[in-house]
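To keep things clear, I will list the structure first and then write my remarks on it.
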Amino acid sequence: MNDKAFTFQTLHPDTIMDALFDQGIRVDSGLTPLNSYENRVYQFQDEDRHRYVVKFYRPERWSAEQILEEHQFALELEQDDVPVAAPLVFNHQSLLTHQGFYYAIFPSLGGRQFESDNLDQMEWVGRYLGRIHQTARKKRFVVRPDMGVTEYLIEPRQIFETAPLIPGSLKAAFLAATDSLIDAVMAQWHGRFNTLRLHGDCHAGNILWRDGPLFVDLDDARNGPAVQDLWMLLNGDKAEQRMQLEMIIEAYEEFNAFNTDEIALIEPLRAMRMVYYLAWLIRRWDDPAFPRNFPWLTGEDYWRKQIATFLEQVKVLQEPPLQLTPMY
């Protein structure tokens, strides 16, 4: 795959229309780009006024086998009546190809934004996360990765060391802050959990609301601890987060037992996400969409703030983890 394909410079509207026509779909409305930096996602309407979403996967990120595992998981969830955006199947295939690109077509499922401060909605989400993990535990991903410190900390640290985006005058301080954060995570990371298939990126932006939650975008699905799909829903101060977590766990356990030892992983997982996210931005900088949408990465102020953020998270990791009330 050439570099232009990697950055989607060869993915033209005609290419997309031809790919859809290959599956018997004639676009009638034009293509409306949806918010996605990692892949390219478009909403459209066909001649029969049916609405769809087409997703073109970023070349060289996932293999066909890994994408198919994601699709299979989504289709299993759909079969178990879990509200999830699952790909459509054409001639027994959910993963399609056109001019070297992998792509998939989904029904366009509308909904309003999930309200992360709405406790009733959060309880619903907890219940459905229990159902998602009930299905997830039936088997593991075989070719998709396990969540761990190598992918989320060690490999990003190697990227930071040679990244020209990090100002030279701040590189040593940034690497030192990164090392301190990695050390703090490693001191807290424990193996007292069983891994299962995860949504992987279960934050409020990946949940729509339409008489209940609808989970979208399983692109980051992988094996890992169950708490990974819970912690990003928490917000507010410690007391508010404790109340939210207790509500989520109570609803979750209507369908699935939750290992409370995993609560101690919340802040390590947050730190891992911070580090991984920065490395992701650096990896994607050759894609013109990234300098256009993240211009502040070229400024020294941004990297000073990242140093401060990393060091603040080190302090958080040195504090006792979130505790549930004694009844748990």
Side-chain angles (χ1 to χ4, degrees), residues 116-117 122 147-161 163 165-193 198 200-205 220 224-249 258-283 294 296-297 299-326 328:
S116 59
D117 59 349
M122 190 165 287
M147 172 169 280
V149 295
T150 298
E151 181 186 8
Y152 280 79
L153 295 176
I154 306 306
E155 291 175 0
R157 170 61 171 79
Q158 294 169 352
I159 289 170
F160 296 156
E161 196 157 357
L165 266 177
I166 304 173
S169 60
L170 298 174
K171 178 71 74 75
F174 178 79
L175 291 177
T178 302
D179 290 340
S180 296
L181 187 56
I182 291 173
D183 289 343
V185 170
M186 297 299 287
Q188 299 293 330
W189 188 256
H190 64 71
R192 299 189 304 276
F193 59 86
L198 300 171
D201 195 26
C202 191
H203 56 76
D220 284 303
V227 73
Q228 168 63 18
D229 279 350
L230 277 61
W231 74 265
M232 280 183 277
L233 300 171
L234 307 180
N235 59 85
D237 60 26
K238 278 285 182 71
E240 291 171 310
Q241 290 185 31
R242 180 183 300 110
M243 178 181 64
Q244 294 161 4
L245 183 58
E246 289 175 352
M247 176 176 289
I248 290 171
I249 291 174
F258 180 76
N259 176 8
T260 54
D261 283 347
E262 293 185 17
I263 294 171
L265 296 176
I266 289 176
E267 293 307 329
L269 286 167
R270 190 190 312 277
M272 289 162 65
R273 184 175 175 84
M274 291 176 181
V275 174
Y276 184 84
Y277 175 75
L278 270 185
W280 172 70
L281 291 174
I282 292 169
R283 285 189 185 105
F294 303 94
W296 49 85
L297 259 71
E300 289 193 358
D301 284 349
Y302 176 81
W303 294 99
R304 287 194 185 94
K305 290 176 182 177
Q306 293 310 304
I307 292 170
T309 298
F310 280 12
L311 294 177
E312 181 61 32
Q313 185 64 15
V314 170
K315 294 178 183 177
V316 172
L317 284 160
Q318 293 168 344
E319 298 172 357
L322 189 66
Q323 298 287 329
L324 301 181
T325 52
Y328 283 90

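Please read all numbers here as calculations on a predicted model, not as lab measurements.
Pro156 and Val275 get closest at one heavy-atom pair: CB-CG1, 3.6 Å. Of all non-hydrogen atoms in Gln313 and Ala271, the two that sit nearest each other are CG-CB, 3.8 Å. The two residues Gly200 and Met232 have their closest heavy-atom pair at O-CE, 4.0 Å. Residues Cys202 and Leu233 share a closest heavy-atom pair of O-CD2, 3.8 Å. Here the shortest heavy-atom pairing between Glu300 and Pro167 reads CG-CG, 3.8 Å. Summarising the geometry of Ile282 relative to Trp303, their closest heavy-atom pair is CD1-CH2, 4.1 Å, with the distance given to 0.1 Å.
Tyr277 contributes atom OH, which lies 9.0 Å from atom CD of Gln306 (distance to the nearest 0.5 angstrom). Distance check: Asp237 CG to Met243 CE gives 9.0 Å after rounding to the nearest 0.5 Å. With values rounded to the nearest 0.5 angstrom, Leu322 atom CG is found 11.5 Å from Thr260 atom OG1. Taking CD of Glu246 as the reference point, atom CD1 of Ile249 lies at 7.5 Å (rounded to 0.5 Å). Rounding to the nearest 0.5 Å gives a distance of 10.5 Å between CE of Met272 and CG of Leu181. Note that the CG atom of Leu153 and the OH atom of Tyr276 stand 11.5 Å from one another [nearest 0.5 Å].
A donor-acceptor pair under 3.5 Å is absent between the side-chain atoms of Gln188 and the main chain of Pro268, judged by distance alone. At least one donor-acceptor pair under 3.5 Å links the side chain of His190 to the backbone N or O of Asp261. Side-chain atoms of Glu267 do not come within 3.5 Å of backbone N or O of Gln318 as any donor-acceptor pair. Without hydrogens or angle criteria, Arg242 side chain to Gln323 main chain gives a donor-acceptor distance under 3.5 Å.
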Report the C-alpha separation of Leu311 and Lys315 in whole Å, then their side-chain angles, then the decisive distance to 0.1 Å, and conclude whether the side-chain contact (heavy atoms from CB on, under 4.5 Å) test is met.
-> CA-CA 7 Å; Leu311 294 177; Lys315 294 178 183 177; 5.9 Å; no

Begin with the C-alpha distance, continue with both residues' side-chain angles, and end with the deciding distance and a verdict on side-chain contact (heavy atoms from CB on, under 4.5 Å) for Leu278 and Thr178.
-> CA-CA 11 Å; Leu278 270 185; Thr178 302; over 6 Å; no

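Ring geometry for Phe310 against Phe174 counts as tilted: the plane angle lies between 30° and 60°, on a 0 to 90° scale. Using bins of under 30°, 30° to 60° and over 60° for the plane-to-plane angle, the ring pair Phe294/Trp280 lands in the perpendicular bin.
Between Leu317 and Met186 the shortest side-chain heavy-atom distance does not fall below 4.5 Å. The closest side-chain heavy-atom distance from Lys238 to Glu319 is below 4.5 Å. Considering only heavy atoms from C-beta on, Gln244 comes within 4.5 Å of Met122 through its side chain. Looking at Phe258 and Ile248, their side chains never come closer than 4.5 Å, going by heavy atoms from C-beta outward. Contact check for Met147 versus Leu269: side-chain heavy atoms found under the 4.5 Å cut-off. Annotation: side chain of Leu165 is not in contact with side chain of Leu281 (no heavy-atom distance under 4.5 Å). No side-chain heavy atom of Gln228 sits less than 4.5 Å from a side-chain heavy atom of Phe193.
We find that Arg157 and Glu161 are joined by a salt bridge, their nearest charged nitrogen and carboxylate oxygen being less than 4.0 Å apart.
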